Trainee: 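Pasting a structure below so you can have a look.
The sequence lines fix the lettering, A, B, ..., with proteins before strands; numbering per chain opens at 1. Given the structure is predicted, the values throughout are model-derived calculations rather than measurements.
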Amino acid sequence: MTKFPFPILLFHPNPRTISPLRKAHYSPNKPNPATPSVLSPVAATNLIKSLCAQGSPALARRMFDEMPERDVVAWTAMISGYASNGRHEDAWATFRQMTADGVGPNEYTVSSVLTSCKGLGWRRGGAVVHAVAVRRGVDRGTYVENALLDVYASCGGGSDDDGMDEARKAFEEMAERTAVSWTTMVAGYTHRGDGYAGVLVFRRMVQEGAELNPFTCSIAIRACASIGSLTLGKQLHVMVEKSGHGFNLPVANSLVDMYCRCMSLAEARRYFNEMPQRDLITWNAMIAGLQRYNSQEALQLFLEIGSEDLQPNCFTFTSILSACADLAVLHCGQQVHGAIVRRGFTGNLQMANALVDMYAKCGSIADSREIFSEMNQKDLISWTSMMIGYGINGYGKEAMDLFDEMINLGIQPDHVVFMVVISACSHAGLVDEGLKYFDAMRTGYDIPPNSEVYGCVIDLLGRAGRLMEAYELIKEMTFEADESIWGALLGASRMHNNVGLGRLAAQKIMDLKPEETKTYVLLSNIYAAGSEWGEFAETRRLLRGMGSKKEAGMSWIEVRNKVCSFVAGDRSNPYVDLVYEILEMLVQHMTEVECDYNSDGLLHDLEEVT
DNA sequence: GTAGGGTTAG
C-alpha cells in the first residue's frame with residue numbers, strides 16, 4: 001500500500017490560508033509556498049480515496065476541505081471513505097453538506113450513504129436518502145436497489161413492524177436480483193430470528209438457479225443454525241461442498257457453529273479438526289459451542305488456542321468465563337480475569353457481564369458487585385446477572401434493592417429480570433415480596449408471564465408451604481401448565497409431604513413426559529414420607545420396569561487448581577471411609593446447630609443411584 | 001467512487 005505522499009501540494013497560493021497540516025511540512029529549503037504545484041481535482045480525489053483506504057479519513061477530510069471546487073465524485077469519495085472506516089455519522093453529515101451545497105448525489109453517493117444509514121441502524125435516514133434518490137432519478141440500478149434493500153432488511157421498522165414487509169416488497173419489485181439481493185434477504189430474516197423464512201428464501205434462490213457464493217452459503221448455514229435443524233444443516237453442508245466453498249473460512253466457521261447449535265458436537269469437532277486452516281472465529285465458535293454442553297472441554301480447547309499462534313479476544317474470554325462460572329472454579333476464573341486485564345479488554349460490556357456472572361456463581365459475590373459497580377456502561381443483562389448472583393447466594397433483599405434501583409434509573413424490565421427477582425425472593429423465603437413483583441409484572445408493566453415465570457411463583461409459594469395457593473394459580477393460568485410447572489408443584493409437595501397434590505402433579509407430568517424417571521422417585525418419596533407403603537411399592541415397581549436409573553447427583557469443589565467431583569453413591573475414592581467419616585461429623589454438627597437439614601429425602605434418593 | 005457473510009453474556 002502506498003504511503004501518503006508528503007509534502008501535500010497546495011490548491012491556494014495564498015499563504016494566509018495555509019492549514020496547520022501543510023505548515024508542518026514547510027521548511028526554508030522547500031519551494032516557496034506561495035507558488036506550489038496544484039493537484040488536479042482528479043488527483044486530489046484519488047488521494048482522498050487512498051487516504052481513506054489507509055484508514056485515515058481525517059487526513060482525507062483536510063485534503064477535501066482545501067479543494068477549491070468539489071464535484072460529486074469528490075463528495076462521494078469522502079462519504080464512502082467515512083462509511084468504509086465506520087465513521088457513519090460523518091458520512092451522513094457530509095451527505096447533508098453536499099446537498100446543502102447544491103451538489104446532487106448520483107448512484108454511487110446514494111449507495112455509499114445508505115451503507116452508513118445501515119451502520120447507524122437508522123431506517124428513517126435510509127428513507128430520506130431513498131426520497132432524494134427518487135427525486136433525482138437515481139433510485140434504480142443494482143447497487144442502489146441492493147443498498148436500499150439492505151437498509152430495510154437490516155434496520156427494524158418500529159414497534160409493531162419488523163421492517164421485513166417493506167424489504168420484501170422492494171425485493172419483489174427489483175428488476176434484477178443478484179446474489180447480493182438474495183443474501184441480504186436471507187440475512188434480514190435470520191438476524192430477526194426468523195431463520196425459517198431465511199431458509200425458505202434461500203431455497204427459492206437455489207430453485208431459481210442463482211449461483212452460490214461464499215456469502216450466500218455462510219448466511220444460509222447461519223439461518224439453519226438459528227432454527228437448530230441438523231437435517232437441513234447437513235443438506236446445506238453437502239450443497240456447499242459441491243459448490244467448492246466448503247473450506248472457505250467464513251463458510252466453514254458457520255458450519256462449525258451450525259453443528260454446535262444443532263447439538264452435534266462430535267460433528268462440529270470433526271469438521272473443526274479437518275479444516276485446513278482455522279482462524280480465531282473458528283476457535284471461538286468451537287469453544288462457545290463446547291461451553292454450552294461441556295464446560296470442561298471448552299476450557300481444555302481454550303488451552304490449545306496458543307498452538308496456532310492465535311491470541312484470545314473478548315469473544316473467547318466471554319465463553320471461557322461462562323465455563324468457569326458453570327464449573328464454579330474460582331481460581332481459574334481469577335486467572336482468566338487477570339489475562340483479560342493484562343490485555344486491556346476490560347471495557348467490553350458482554351465480557352464484564354460474564355465477569356459479574358462468573359464471580360457470583362463462584363460464590364465471590366463481593367468481587368461480582370465490585371465489577372458491576374465499576375462498569376461505566378450497563379445493559380439489562382448486567383442488572384439481571386447481578387440479581388441472579390444475589391439470588392443464588394441467598395441475598396434476596398439485595399436483589400430486590402437492585403431491582404428497585406434499576407427501575408428508578410428508568411430501565412425497562414423484561415420477563416427474565418422479573419423471573420430472576422422473584423426467584424431470588426423465593427430462595428430467601430421472601431414470599432410476599434416475590435408475589436408483589438409478580439403482581440407488578442402483570443398489572444404495572446403489562447408483561448404476560450410465561451411458563452418459566454409461573455414456575456418460579458409456584459416454587460415461591462410451594463417452598464413456603466402455601467401449596468393450595470400454588471395449585472389455584474396453576475388453575476388460573478390462561479395456558480396449559482407444562483411439566484416444569486407441575487414439577488415445581490411436585491417438588492413443593494415433596495418438601496411439605498402433601499400426598500394429594502403430589503399425586504396430582506406427578507400424574508400430570510407422567511402424562512406429559514412419561515419417560516421422566518425423576519417424577520417416580522419424587523412421588524415414591526412422598527408416599528414413603530406419608531407411610532403409604534402400598535403406593536410406595538407400586539411406584540417403585542413402575543420405576544424399575546422403566547429400566548433406567550435416575551441420573552446420579554454430582555457436586556464438585558476446586559482444590560489447588562484441580563476439580564474434585566463427588567458422585568452420589570460413588571465409593572471409588574481411596575479415602576472413601578475418611579470422607580464419609582468427615583461427612584458424618586459435618587451432619588452431626590449441622591444437627592447440633594439446628595440447621596434445617598432434610599435427611600429423609602437423602603436416604604431415598606441415595607439408594608436409587610447405587 | 002458504490003452493495004452482501006462467520007464467533008460472546010442473563
Trainee: Between Glu172(A) and Arg204(A), does any NZ, NE, NH1 or NH2 come within less than 4.0 Å of an OD or OE carboxylate oxygen?
Mentor: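 Yes, Arg204(A) and Glu172(A) are salt-bridged.
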Trainee: Considering only NZ, NE, NH1 and NH2 on the basic side and carboxylate oxygens on the acidic side, decide whether Lys234(A) and Glu267(A) come within less than 4.0 Å.
Mentor: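 Yes, Lys234(A) and Glu267(A) are salt-bridged.
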Trainee: In this structure, how many angstroms lie between the C1' atom of dG1(B) and the CD1 atom of Ile48(A), rounded?
Mentor: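 The answer, rounded to whole Å, is 11 Å.
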Trainee: Need one value for Ala77(A): base, sugar-phosphate or nothing, where a base atom within 4.0 Å counts as base even if backbone is also close, heavy atoms only.
Mentor: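 Here Ala77(A) touches no strand at all.
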Trainee: Does the dT2(B) base have a donor-acceptor partner in the side chain of Ser112(A) within less than 3.5 Å?
Mentor: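 Donor-acceptor pair under 3.5 Å: no.
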Trainee: Taking the minimum atom-to-atom distance to the side chain of Asn213(A), which one of dG4(B), dG5(B), dT2(B) wins?
Mentor: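 So the nucleotide nearest the side chain must be dG4(B).
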Trainee: When you measure from the side chain of Phe315(A), which nucleotide among dG6(B), dG10(B), dT7(B) comes out closest?
Mentor: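 Selected nucleotide (nearest to the side chain): dT7(B).
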Trainee: Has Tyr108(A) got its ring stacked on the base of dG1(B), with centres under 5.5 Å and planes less than 30° apart?
Mentor: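 Stacking is present between dG1(B) and Tyr108(A), given that their ring centres fall under 5.5 Å apart and the planes under 30°.
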Trainee: Looking at dG6(B), does its base get a donor-acceptor pair with the side chain of Asn284(A) below 3.5 Å?
Mentor: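 Answer is no: no donor-acceptor pair is held.
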Trainee: What's the closest nucleotide to the Thr318(A) side chain, out of dA3(B), dA9(B), dG5(B)?
Mentor: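 The answer is dA9(B), which lies nearest to the side chain.
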Trainee: Identify whether any heavy atom of Arg278(A) sits under 4.0 Å from a base atom; if not, whether one sits that close to sugar-phosphate; answer base, sugar-phosphate or nothing.
Mentor: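 No contact.
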Trainee: Any chance the rings of Trp383(A) and Phe372(A) have centres within less than 6.0 Å?
Mentor: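 Distance test on ring centres: under 6.0 Å, yes.
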Trainee: Suppose we call a contact any N or O donor and acceptor under 3.5 Å apart; does that hold for the side chain of Ser385(A) and the base of dG10(B)?
Mentor: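 No, the side chain and the base share no sub-3.5 Å donor-acceptor pair.
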Trainee: Is there aromatic stacking of Phe215(A) against dG4(B), centre distance under 5.5 Å, plane angle under 30°?
Mentor: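 Ring-base stacking flag set for Phe215(A) and dG4(B).
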Trainee: So Ala179(A), base contact, sugar-phosphate only, or nothing? Heavy-atom distance under 4.0 Å.
Mentor: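 Result for Ala179(A) = base.
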Trainee: So, do Tyr454(A) and Phe438(A) have ring centers that fall under 6.0 Å from each other?
Mentor: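 Centroid separation for Tyr454(A) and Phe438(A): below 6.0 Å.
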Trainee: Indicate, with a heavy-atom threshold strictly under 4.0 Å, whether Thr76(A) touches base, sugar-phosphate, or nothing.
Mentor: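 Counting heavy atoms under 4.0 Å across all strands, the contact made by Thr76(A) includes a base.
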